[in-house]
Amino acid sequence: MAGSERARMAAGEWYTCLDDELEALRAIARDAVFEHNCLPPRQRGNLGPGLKVLLGKAGEGARIEAPFHCAYGFNIFLGDGVFLNAGCTILDTASVRIGKGTLLGPNVQIYCAEHHKEASGRQAGLEIARPVEIGANAWIGGGAVILGGVGIGDGAIVGAGAVVTRDVAANTTMVGNPARAVKRD
């Protein structure tokens, strides 16, 4: 088992989010997100300066519309031309990789954190972090929710409002709650 709570989080082990080091990292992210969300659009550009530095990677032309929220930022990796529309939330306790040319509609939510199933574990702040990977040229419709541990293949479409609880194959369309495959028109 890893030493610090941050190391446990990064290793995909149970950790407590009620940790001073993790709270300090979330505070840094909140400051960068606040700046991004409050700058006038022409001054902000594609990414606010603090957010650009915070992210694990922001490919050329990657754009995040305000408002935006993330937990840590450093676990978010955006390919070239990725677009996140207004209201997106990424709770990046684990790696979130979004491939080149992928579009996220408004209010898409990505949750890497899974809380403990026992009430006492939740009260102790126990979580486990599960990564999310979205391939290139995917389209995630507005209001979709993507849970931790999910992979979405290249060219896939996730319909508006879908709740994605399992992997989505490349060039597949998923809709509903829980999301299920449908034929493309």
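The chain is numbered in sequence order, starting from 1.
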TODO: Would you kindly check if the NZ (Lys) or CZ (Arg) of Arg26 is within the cone defined by 45 degrees around the ring axis of Phe74 and under 6.0 Å from the six-membered ring centre?
DONE: no

So does [Y] get a backbone contact from the side chain of [X], meaning a donor-acceptor N/O pair under 3.5 Å?
X	Y	value
Asp154	Ala136	yes
Asn177	Ala162	no
Asp167	Gly151	yes
Thr16	Ala124	yes
Glu35	Gly50	yes

Find the distance between [atom1] ([X]) and [atom2] ([Y]) and round it off to the nearest 0.5 Å.
X	Y	atom1	atom2	value
His69	Cys88	NE2	SG	12.5 Å
Cys38	Arg44	SG	CZ	10.0 Å
Leu84	Ile90	CG	CD1	5.0 Å
Leu47	Phe68	CG	CZ	9.0 Å
Arg122	Glu127	CZ	CD	12.0 Å
Lys57	Ile76	NZ	CD1	14.0 Å

I'd like to check [X] versus [Y] (side-chain heavy atoms, cut-off strictly below 4.5 Å). Are they in contact?
X	Y	answer
Leu22	Asp20	no
Leu91	Cys112	no
Arg63	Val82	no
Thr102	Lys100	no
Ile64	Leu51	yes
Ile134	Ile110	yes

Please report the closest heavy-atom contact between [X] and [Y], naming both atoms and the distance.
X	Y	answer
Asp92	Val96	CB-CG2, 4.2 Å
Cys70	Leu54	SG-CD2, 4.4 Å
Glu114	Trp14	O-CZ3, 3.8 Å
Ala66	Asn37	CB-OD1, 3.6 Å
Val132	Gly149	CG2-N, 4.3 Å
Glu65	Asn85	CB-C, 3.8 Å

Tell me whether [X] shares a hydrophobic cluster with [Y], the cluster being built from Ile, Leu, Val, Met, Phe, Trp, Tyr side chains joined at under 4.5 Å.
X	Y	value
Met9	Leu25	yes
Leu103	Ile146	no
Val33	Leu55	yes
Leu147	Val158	no

Would you indicate whether [X], at its atom [atom1], is surrounded by more than 12 heavy atoms from other residues, nucleotides or ligands within a distance under 6.0 Å?
X	atom1	answer
Glu23	CD	yes
Glu21	CD	yes
Phe34	CZ	no

Task: Identified side chain to side chain contact (heavy atoms under 4.5 Å, CB included) counterpart of Ile152 within the set Thr172, Ile157, Ile140 - done: Ile140

TODO: Answer yes when Arg97 and Glu133 have at least one side-chain N-carboxylate O distance shorter than 4.0 Å, and no when they do not.
DONE: no

TODO: Mind running side-chain contact (heavy atoms from CB on, under 4.5 Å) on Ile98 and Leu104 for me, showing each step along the way?
DONE: CA-CA 10 Å; Ile98 302 175; Leu104 275 64; 4.3 Å; yes

Task: Worked check of side-chain contact (heavy atoms from CB on, under 4.5 Å) between Arg180 and Val175 - done: CA-CA 6 Å; Arg180 65 198 181 292; Val175 299; 4.1 Å; yes

TODO: Take Tyr15 and Thr93 through the side-chain contact (heavy atoms from CB on, under 4.5 Å) test and state the conclusion after the steps.
DONE: CA-CA 11 Å; Tyr15 66 95; Thr93 55; 3.3 Å; yes

